[in-house]
Visitor: 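Next up is a structure, given as C-alpha cells.
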Amino acid sequence: MVKIYLGPAGVPLSSKKRSTIDGIRTVKELGLNAMEVEFVQGVKMKPEAAEEAGKVAEELGVRLSVHAPYFINLCSDDKEKVKASKARILDTADRAERMKADAIAIHIAFYGKMSPEECYQQVKFELGEVVDTARSQGIKNVKFGVETMAKESAFGTIDEVISISKEVKGVIPYIDWAHTFARQGGKIDYSEIIDRLQKELNLTHINSHFESLVFRNGKYVDEHLPIDTEAPPFRSLAEELLKRENLSITLICESPELERDALKMKKVLEELGYKFS
C-alpha cells in the first residue's frame with residue numbers, strides 16, 4: 001500500500017511559538033507526519049538551526065521538505081538576477097541538506113521574452129550548473145524539485161517538469177496538484193499523472209502540494225483557498241493514491257487553513273481505510 005506523509009506548508013497556525021522546531025513538534029502533536037519549511041521570503045535560517053531542526057524532525061518521525069524563495073527566475077534577461085537566483089537555490093539546498101529534508105520546491109522561471117522552448121533550454125543549463133555545484137559542495141541527498149505552476153507565463157507545465165527531470169540528474173517534479181489543475185483549464189487526471197511519474201521517471205516517492213484555487217474571469221488563478229472549495233477535489237486523489245503499490249507521497253497542505261485542512265485530508269484518507277502509523 002502507498003505510504004503517505006501529510007502536513008502543513010510552514011509552522012502550523014496553532015503552534016504557540018513560531019519557530020521551525022516548535023512547528024515540527026506541533027505537527028507531531030496533531031498526528032501529522034510532514035512539514036514543509038518555508039523560505040519563500042528568503043533563506044534566513046542559520047546552518048546550525050537547520051541541523052537542530054533536522055534532529056528534532058528525525059526524532060519525532062516528521063518528514064521535512066523545503067520551499068525555496070519566490071525570488072527565483074532562471075530565465076531572466078538580467079544575468080545578475082539569474083546569478084542571484086542560483087545562489088538562493090543553493091542556499092535553500094544547503095539548509096535542506098542540513099535538516100535532512102528530502103527535496104526543495106522551486107518556482108524556477110518565467111518565460112518572459114523567451115519562447116517556452118528557449119526558456120526550457122536555459123533552465124536545463126542553469127539548473128544543471130546548480131546541481132553540479134551543490135554536489136561539489138557536499139549537498140548529496142537533496143532533490144531539486146521543479147514545481148508545476150498555475151500561471152501561463154511561468155515555466156512549469158506537467159510536461160516541462162517531467163522532461164527536465166529526465167534530462168537533469170538530481171531534479172524531480174514537485175507536483176502542485178491545484179496549479180496543474182489550473183494550467184490544464186480546470187481539469188486533472190490524477191491517475192494519468194501518477195502513472196507518468198512512475199513509468200517515465202521511475203519515481204517511488206512523489207513530493208507535492210495540495211490546496212484549492214480561486215475561479216475568476218473564466219479561469220482558475222493562483223490564489224489559494226481551503227480544500228472544501230474542491231478546485232481540485234481531494235477525495236478523488238486520495239482514492240487514486242490508495243490503489244497504488246510501491247509508492248510513497250508527501251502531501252503538503254498549502255491551503256490558508258494549513259493544519260486544519262491537513263487534518264481534513266487525513267480524515268478523508270482514514271475514511272477510505274488508510275491507517276497512519
Side-chain angles (χ1 to χ4, degrees), residues 4-72 88-89 91-108 142-150 174-179 206-214 222-229 234 249-266:
I4 298 171
Y5 300 90
L6 174 61
V11 177
L13 299 171
S14 57
S15 181
K16 292 178 181 178
K17 296 181 181 178
R18 305 309 301 163
S19 74
T20 297
I21 287 175
D22 284 292
I24 293 166
R25 289 183 174 134
T26 302
V27 162
K28 179 66 174 179
E29 290 166 4
L30 289 167
L32 300 170
N33 60 354
M35 190 176 97
E36 185 179 80
V37 179
E38 302 299 295
F39 291 159
V40 294
Q41 300 302 326
V43 182
K44 299 168 186 175
M45 180 182 285
K46 293 181 179 179
E48 300 78 14
E51 290 169 7
E52 184 61 28
K55 289 176 185 175
V56 172
E58 190 172 33
E59 288 169 5
L60 297 178
V62 175
R63 187 179 182 119
L64 297 181
S65 52
V66 180
H67 202 304
Y70 289 143
F71 320 112
I72 288 170
R88 291 184 181 110
I89 297 171
D91 280 348
T92 303
D94 172 77
R95 302 306 188 275
E97 182 86 3
R98 290 173 185 273
M99 67 177 76
K100 300 179 182 177
D102 71 312
I104 62 176
I106 314 165
H107 295 187
I108 204 76
V142 170
K143 296 181 286 293
F144 294 76
V146 179
E147 186 173 333
T148 56
M149 301 297 289
Y174 206 114
I175 306 298
D176 188 304
W177 299 104
H179 287 176
I206 298 170
N207 290 85
S208 72
H209 294 145
F210 199 91
E211 71 278 346
S212 282
L213 295 183
V214 169
D222 191 11
E223 294 178 29
H224 294 190
L225 290 173
I227 64 167
D228 287 347
T229 310
F234 177 70
I249 186 168
T250 299
L251 289 165
I252 295 297
C253 183
E254 283 199 322
S255 152
E257 295 292 314
L258 287 185
E259 75 270 26
R260 290 193 283 270
D261 269 357
L263 289 168
K264 286 183 180 179
M265 292 161 68
K266 182 183 180 188

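All residue numbers refer to positions in the sequence shown, counting from 1.
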Visitor: Between CD of Glu97 and CG of Asp102, what distance do you get to the nearest 0.5 Å?
Guide: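 It is 11.0 Å, given to the nearest 0.5 Å.
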
Visitor: So which heavy atom on Glu36 is nearest to which on Ala105, and how close?
Guide: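 Minimum heavy-atom separation between Glu36 and Ala105: OE2-CB, 4.2 Å.
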
Visitor: Give the minimum heavy-atom separation between Ile72 and Ala68, together with the two atoms involved.
Guide: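 That closest heavy-atom pairing would be CD1-CB, 3.9 Å.
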
Visitor: If you apply the rule side-chain hydrogen bond (donor to acceptor under 3.5 Å, both in side chains), what do you find for Ser15 with Thr26, and how did you get there?
Guide: CA-CA 6 Å; Ser15 181; Thr26 302; 3.3 Å; yes

Visitor: In a table with atom names and distances, give each donor-acceptor pair under 3.5 Å that connects a side chain of residues 257-265 to protein atoms at least two apart or in another chain.
Guide:
from	atom 1	to	atom 2	distance (Å)
Glu257	OE1	Arg260	NE	2.8
Glu257	OE1	Arg260	NH2	3.3
Glu259	OE1	Leu13	N	2.9
Glu259	OE2	Leu13	N	3.1
Glu259	OE2	Ser14	N	2.7
Glu259	OE2	Ser14	OG	2.8
Asp261	OD2	Ile227	N	2.8
Asp261	OD2	Ser255	OG	2.5
Lys264	NZ	Asp228	OD2	2.8

Visitor: Looking only at heavy atoms, which two atoms of Gly23 and Val11 are closest? And how far apart?
Guide: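 It is CA-CG1, 3.8 Å.
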
Visitor: What closest approach, in Å, do Ile108 and Ile89 show between heavy atoms, and which atom pair accounts for it?
Guide: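 That would be CD1-CD1, 4.1 Å.
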
Visitor: Quick one: salt bridge (charged side-chain N to carboxylate O under 4.0 Å, His left out) pairs with a partner in residues 8-34, sequence neighbours left out?
Guide: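 Residue pairs passing salt bridge (charged side-chain N to carboxylate O under 4.0 Å, His left out), neighbours aside: none found.
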
Visitor: Go through the steps to decide whether Gln41 and Tyr70 satisfy the test side-chain contact (heavy atoms from CB on, under 4.5 Å), and finish with yes or no.
Guide: CA-CA 7 Å; Gln41 300 302 326; Tyr70 289 143; 4.0 Å; yes

Visitor: Using modelled atom types only, decide if a donor and an acceptor are shared between the side chain of Arg95 and the backbone of Val43 within a distance under 3.5 Å.
Guide: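 The answer is no, because no donor-acceptor pair under 3.5 Å joins these two groups.
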
Visitor: Can you measure from OG1 (Thr20) to CG (Leu64) and round to the nearest 0.5 angstrom?
Guide: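 Answer for the OG1-CG pair, Thr20 versus Leu64, is 9.0 Å.
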
Visitor: What is the distance from atom OG1 of Thr92 to atom CE of Met45, rounded to the nearest 0.5 Å?
Guide: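 Separation between the atoms: 11.0 Å.
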
Visitor: Taking His209 as the fixed residue, which of His179, His67, His224 is the one that meets the ring pair (Phe, Tyr, Trp, His ring centres under 6.0 Å) rule?
Guide: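 Option passing the ring pair (Phe, Tyr, Trp, His ring centres under 6.0 Å) with His209: His67.
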
Visitor: Where the side chain of Arg63 meets the backbone of Thr250, is there a donor-acceptor pair that is under 3.5 Å apart?
Guide: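 Not a single qualifying donor-acceptor pair exists.
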
Visitor: What are the two closest heavy atoms between Phe234 and Phe210, and how far apart are they?
Guide: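 So the minimum-distance heavy-atom pair works out to CA-CZ, 3.5 Å.
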
Visitor: Apply side-chain contact (heavy atoms from CB on, under 4.5 Å) to the pair Tyr174 and Ile252, showing each step before the final yes or no.
Guide: CA-CA 11 Å; Tyr174 206 114; Ile252 295 297; 4.2 Å; yes

Visitor: List the steps and the verdict of side-chain hydrogen bond (donor to acceptor under 3.5 Å, both in side chains) for Tyr5 and Ser65.
Guide: CA-CA 11 Å; Tyr5 300 90; Ser65 52; over 6 Å; no

Visitor: Could you tabulate the donor-acceptor pairs under 3.5 Å formed by side-chain atoms of residues 48-61, not counting sequence neighbours?
Guide:
from	atom 1	to	atom 2	distance (Å)
Glu51	OE2	Arg98	NH1	2.6
Glu58	OE1	Lys100	NZ	3.0

Visitor: Measuring from atom CD of Glu254 to atom CG of Asp176, what distance do you get when rounded to the nearest 0.5 angstrom?
Guide: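 Here the rounded value is 5.5 Å.
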
Visitor: Shortest non-hydrogen contact from Leu30 to Pro12?
Guide: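 For Leu30 and Pro12, the tightest heavy-atom pair comes out as CD1-CB, 4.4 Å.
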
Visitor: Measure the shortest side-chain to side-chain distance between Pro226 and Ser212 over non-hydrogen atoms and say whether it is less than 4.5 angstrom.
Guide: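 Answer no - side chains too far apart.
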
Visitor: CG/Leu6 to CG/Leu251 distance, rounded to the nearest 0.5 angstrom?
Guide: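 These two atoms lie 6.0 Å from each other.
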
